[in-house]
There are 2 protein chains.
Amino acid sequence: MPDPESITNPQVQRTHRAMLDAARRLLSDNGPSAVTHLRVAEVSGVARATVYRHWPDRADILLDLLSRSADLHLTPPPPDLPVTDRVTALLRTFAATLNGDGGQILTAMIGLAEWDDDVFSALERMTTRGPQSLRNLLATGIEEGSVRSDTDVDLLSDRLIGPIYLRRLLYHDEVTDAYVDDLVAATLGPSLLG
Amino acid sequence: MPDPESITNPQVQRTHRAMLDAARRLLSDNGPSAVTHLRVAEVSGVARATVYRHWPDRADILLDLLSRSADLHLTPPPPDLPVTDRVTALLRTFAATLNGDGGQILTAMIGLAEWDDDVFSALERMTTRGPQSLRNLLATGIEEGSVRSDTDVDLLSDRLIGPIYLRRLLYHDEVTDAYVDDLVAATLGPSLLG
DNA sequence: AAACATATGATACAGTATGTCTCATCTAAG
DNA sequence: CTTAGATGAGACATACTGTATCATATGTTT
């Protein structure tokens, strides 16, 4: 059985990567229920026993896969722009990730996290890092005066991210840049009038 | 095999209901993957063959269960109140449903709809009725002048519902009345200043 | 009340999936 | 070269899946 944390053996790295790639494809094509030891073995070409050696429990495969993919790429943009523009840029990259593979992975995690605490922990790590950088950005805006000072930062973050999630996860609509622009304008715009 | 649409036979009604109750409990306790013919038969006390007679495919059980539960109770409140108060009342009942069983069922549907078109159709019916009554309410507000006329109704609906979904589905936090109140105040409040 | 139609229960059956084990072979590292 | 560890191939028992059969129970009709 290979060491789960620091894998130095290149043979182990190869098989592990091949199996994870297969699991990723299975998840993307057929959903979480398709990610089993048997099917991962079939798709990856690795022996079934080896899949069990790496992940004794079926949920471990998904958790490993999801933990590695749990990056929504909500990196803060360069600080030489107005806050509202930086917020827009941040949310655009976030929406782009949701439109791509991130949306499916997030969907899978939401469906599993309700009944699996480990998946929920991974989901929590995945969904707190992004909003945090957004909150920092909004806090900067409040200091600058470009965002209303009586606005709750946490709620404001929810109001910017919530509609984007809604559109992707429930409506299965692509989140366009125009949608993000309108959302930011409607949410942060009126503050300039106060 | 019983007629799926108009069941008049009381015997069929009994077994069908018993099996659906078992499926509901299994879904709530252990998630969609636990809703199988075998386990529904065990929990309900019905013979396994009978479960197959009612739903030949495993997904049909969930789809039947989800379609019946797909009511988010987004009923419009009495029209003798200001629009913003009616919006608040509407969203409060919506949040209450999400806090209860509706949240788990919706979570299950989101996780399945990504890879099952039939579930997505059911999800679509479930998530369009509610926003529609909200949109009608917001349109009334625009006519009255209590909501900014330059606001896109669809976007405004998303901005009110999105954060509520976000809080329940991703954060697993209870959506309190206070949260709804703050959300409505922040979203519709500034319009009064314009 | 009797006769008919249908749904259910119980069981059997083959096929497949799951989880564990063994051992020969292969790979990596000293 | 030698040794430790990982993999491949297969066996094995168990459980789950999907279908079929037939006796029994239930509902409907005359």
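The chains referred to below are lettered A, B, ... by the order of the sequence lines, with proteins before strands, and numbering in each begins at 1.
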Quickly work out the B:I61 CD1 to D:dT17 C1' distance and round it to whole Å. 12 Å

Check nucleotides 14-16 of chain C for protein N or O atoms closer than 3.5 Å to its own N or O atoms and list the pairs.
none

Any donor-acceptor N/O pair, B:R58 side chain to B:V35 backbone, under 3.5 Å: yes

Are there any protein N/O atoms within less than 3.5 Å of an N/O atom in nucleotides 19-23 of chain C, and if so, which ones and at what distance?
from: C:dG19; atom 1: OP2; to: A:Y52; atom 2: OH; distance (Å): 3.3
from: C:dG19; atom 1: N7; to: A:R48; atom 2: NH1; distance (Å): 3.0
from: C:dG19; atom 1: O6; to: A:R48; atom 2: NH2; distance (Å): 2.9

Minimum heavy-atom distance between A:L91 and A:V184, given as atom pair plus value: CD1-CG2, 3.8 Å

Using a cut-off of strictly less than 4.0 Å between a heavy atom of the residue and any atom of DNA chain D, enumerate the qualifying residues of residues 24-35 of chain A by number. none

Computed from five pairs at either end and rounded to 10 degrees, the angle between the axes of the helix from C:dA1-D:dT30 to C:dG30-D:dC1 is 30°

Would you say the side chain of A:S67 lies within less than 4.5 Å of the side chain of A:R125, judging by non-hydrogen atoms? yes

Please tabulate the protein-to-nucleotide N/O contacts below 3.5 Å involving nucleotides 23-26 of chain D, giving atom names and distances.
none

With sequence neighbours left out, what residues match A:Y52 under side-chain hydrogen bond (donor to acceptor under 3.5 Å, both in side chains)? none

From CH2 of B:W55 across to P of D:dG18 the rounded distance in Å is 15 Å

Expressed in angstrom and rounded to an integer, what is the separation of A:R39 atom CZ from C:dA17 atom P? 9 Å

Using every non-hydrogen atom in the two residues, find where A:L155 and B:L183 come nearest and quote the distance to one decimal. CD2-N, 4.1 Å

Less than 4.0 angstrom between a side-chain N/O of A:H54 and OP1 or OP2 of D:dA6, yes or no? no

Does B:I105 reach the side chain of B:L65, with side-chain heavy atoms less than 4.5 Å apart? no

Sequence neighbours left out, what pairs pass side chain to side chain donor-acceptor pair (under 3.5 Å) with at least one residue falling in residues 28-45 of chain B? B:S28-B:Q104

Grab the CE-C1' distance between A:M19 and D:dA6 for me, whole Å please. 11 Å

With sequence neighbours excluded, tell me which residues meet side chain to side chain contact (heavy atoms under 4.5 Å, CB included) with A:A113. A:V119, A:F120, A:L123, B:H172

Is there side-chain contact between A:R53 and A:T50, with at least one heavy-atom pair below 4.5 Å? yes

Heavy-atom pair with the smallest gap, counting every atom of A:V83 and A:G141: CG2-CA, 3.7 Å

For B:I142 and B:T151, work out which heavy atoms get closest and say how close. CD1-O, 4.0 Å

Anything under 3.5 Å between a donor and an acceptor, one on a side chain of residues 174-182 of chain A, the other on a protein residue two or more places apart or in another chain? List them.
from: A:T176; atom 1: OG1; to: A:Y179; atom 2: N; distance (Å): 3.1
from: A:Y179; atom 1: OH; to: B:D158; atom 2: OD2; distance (Å): 2.7
from: A:D181; atom 1: OD1; to: A:R92; atom 2: NE; distance (Å): 3.3
from: A:D181; atom 1: OD1; to: A:R92; atom 2: NH2; distance (Å): 3.2
from: A:D181; atom 1: OD2; to: A:R92; atom 2: NH2; distance (Å): 2.7

All side-chain hydrogen bond (donor to acceptor under 3.5 Å, both in side chains) counterparts of A:R135, not counting sequence neighbours: A:Q132, A:D154

Nearest-Å distance for atom pair CD/P, residues B:E42 and C:dG9: 14 Å

Who pairs with A:P56 by side chain to side chain contact (heavy atoms under 4.5 Å, CB included), at least two apart in sequence or on another chain? A:D60

Looking at B:N99 and B:A95, would you say the former's side chain and the latter's main chain have a donor-acceptor pair under 3.5 Å? yes

Run the side-chain hydrogen bond (donor to acceptor under 3.5 Å, both in side chains) test against A:W55 and tell me which residues pass, sequence neighbours left out. A:D64

